[in-house]
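Notes to accompany the following structure.
Per chain, numbering begins at 1; letters A, B, ... match sequence-line order.
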Amino acid sequence: MAVYFETSSCLSVATSADSPSVSRECNFAVTDYDLAGTLNCGQAFNWHWRSDGWEGVIHGRWVRLCQQNGTIRAETVAPESDWSWLADYLQAHVGLGDILVTFPAETRLTMAVEKCRGLRLLRQDPWECLASFILSSTKQIVQIRQIIALLRVRFGSPLAVPNGAPRQFAFPTAEQLAAATEAELRACKMGFRAPYLLAAARQVAIGECNLDRLATLSVDKARSELLKLPGVGEKIADCVLLFAYGFPTAFPIDVWIAKALRQFYFRGRKTPMKRLRQFATEHFGPNAGYAQQYLFHYIRMEGRKKL
DNA sequence: TACCAGGAGAGCG
DNA sequence: CGCTCTCATGGT
């Protein structure tokens, strides 16, 4: 039976193992957490549903996640004594209510929140997030997933997985990708994004860009550092600021969000990007990034219903 | 077939 | 600054 520690990020599962705190399983108590929606709303690209859980990789470890009621159960291959890496990734400690109360009381956003109850922002590895979104430009999410799957297999380090589970690879490090050729990257179906990814990987690998240091900077400083990287513009920089560094005001505006903003707040009129950005920062408040993700997930779900 | 996809960069006036 | 064009590839 599971033993729960109240408010702790990890509720360990009692086992017959040598030490009670070391286990291959861990339960997280969560409220207002939609795991499936969170893993599938276009912020992460390497989660796969397989029979009884979501399988993926976090910081070089194979993980299976599965939600039952108010609990997210996690399994790893090797026993873990410290699960803070997973709690941090899932942002399980974040009280969603504290976020939602900062949203403007307004019809469209309220509707999105109701339809996507429990949607969360993850806290991802900066390099993986950066590289993934460099590959995302004018690609559909399914395709981004395919490209990244190829990258992992061809350049990433193989990981230990449970018996019977499909093979899995770590996301390639900047060093691993920096050692690749442009032709090898293009063979992963990334097209014109190959030289961007390669150049970015080299800058990170040689320390010309220090991703760890960005976490210590202000949003604006961190953004201008990201914008120096090849293949990184406003949109991709904001994705990394939001999904990897957790800057809550970062508000990525892609084609979907742009369409939604024009439709919801500008009567469907053509509105320049600069105007949309200004509106977003003024309107959505201190957790604009969360609002953005609710709008994004909401309009994508609505779009699919029509088909 | 035609159009579009979680865009960015270069060239232009 | 704002506009347009191109880049590569696959889904719908």
Side-chain angles (χ1 to χ4, degrees), chain A residues 37-47 112 116 119-122 124 126 128-151 154 180-203 209 223-245 247 250-264 269-278 280 284 288-307:
Chain A
T38 298
L39 299 180
N40 264 314
C41 65
Q43 52 179 326
F45 304 100
N46 191 44
W47 290 102
C116 311
L119 189 67
R120 302 296 194 117
L121 290 178
L122 300 168
Q124 302 181 57
E128 176 172 349
C129 186
L130 170 63
S132 297
F133 279 98
I134 285 177
L135 298 174
S136 75
S137 68
T138 25
K139 278 290 181 192
Q140 297 182 142
I141 291 177
V142 258
Q143 272 183 291
I144 301 168
R145 296 171 62 93
Q146 288 171 358
I147 296 169
I148 289 174
L150 283 173
L151 264 186
R154 297 184 184 178
T181 66
E182 184 180 321
E184 287 174 327
L185 294 183
R186 281 182 184 266
C188 296
K189 316 290 187 184
M190 67 183 71
F192 61 84
R193 304 156 194 84
Y196 294 150
L197 180 62
L198 185 54
R202 287 177 176 165
Q203 289 192 26
C209 173
R223 181 184 287 106
S224 61
E225 288 299 310
L226 288 170
L227 288 174
K228 292 178 184 172
L229 292 166
V232 179
E234 297 276 354
K235 190 269 172 182
I236 290 176
D238 280 337
C239 284
V240 179
L241 291 173
L242 184 63
F243 301 142
Y245 293 102
F247 287 108
F251 194 96
I253 302 181
D254 72 315
V255 289
W256 288 86
I257 290 293
K259 194 187 305 177
L261 292 180
R262 293 188 182 109
Q263 186 181 327
F264 293 168
R269 293 171 180 273
K270 285 185 262 183
T271 315
M273 280 295 292
K274 189 169 184 179
R275 188 75 206 283
L276 294 180
R277 266 190 237 113
Q278 181 191 357
F284 293 107
Y290 264 90
Q292 178 274 158
Q293 204 58 22
Y294 275 95
L295 289 174
F296 181 76
H297 195 49
Y298 174 58
I299 57 185
R300 287 187 71 237
M301 290 195 315
E302 290 299 301
R304 279 186 189 178
K305 266 185 210 170
K306 290 179 181 175
L307 302 177

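Under the rule for a side chain to side chain donor-acceptor pair (under 3.5 Å), Q293(A) has no partner lying at least two apart in sequence or in another chain. With sequence neighbours excluded, the residues satisfying salt bridge (charged side-chain N to carboxylate O under 4.0 Å, His left out) with E225(A) are R213(A), K228(A). A search for salt bridge (charged side-chain N to carboxylate O under 4.0 Å, His left out) contacts involving K259(A) returns nothing, not counting sequence neighbours. Among residues two or more places apart in sequence or in another chain, the salt bridge (charged side-chain N to carboxylate O under 4.0 Å, His left out) test is passed with R186(A) by E182(A).
dG6(B) and dC5(C): their P atoms are spaced 23 Å apart (whole Å). When the P atom is used for both dC3(B) and dT6(C), the distance is 15 Å, rounded to whole Å.
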Each nucleotide of nucleotides 5-11 of chain B classed B (base within 4.0 Å of a protein heavy atom), S (only sugar-phosphate) or -, in 5' to 3' order, makes BBBSS--
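Rounded to whole Å, the distance from CZ on R186(A) to P on dG10(C) is 13 Å. Put simply, CG on L197(A) is 15 Å from C1' on dC7(C), counting in whole angstrom units. dT9(C) atom P lies 8 Å from atom NZ of K189(A), rounded to whole Å. Taking atom CZ of residue R145(A) and atom P of nucleotide dG11(C), one finds them 14 Å apart after rounding to whole Å.
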Tell me which donor-acceptor pairs under 3.5 Å the side chains of residues 235-245 of chain A have, and how far apart each pair is, sequence neighbours excluded?
residue: D238(A); atom: OD1; partner: R223(A); partner atom: NE; Å: 3.0
residue: D238(A); atom: OD1; partner: R223(A); partner atom: NH2; Å: 2.9
residue: Y245(A); atom: OH; partner: L211(A); partner atom: O; Å: 2.7

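Although no hydrogens or angles enter the test, the distance criterion places a donor-acceptor pair under 3.5 Å between the side chain of R154(A) and the main chain of A187(A).
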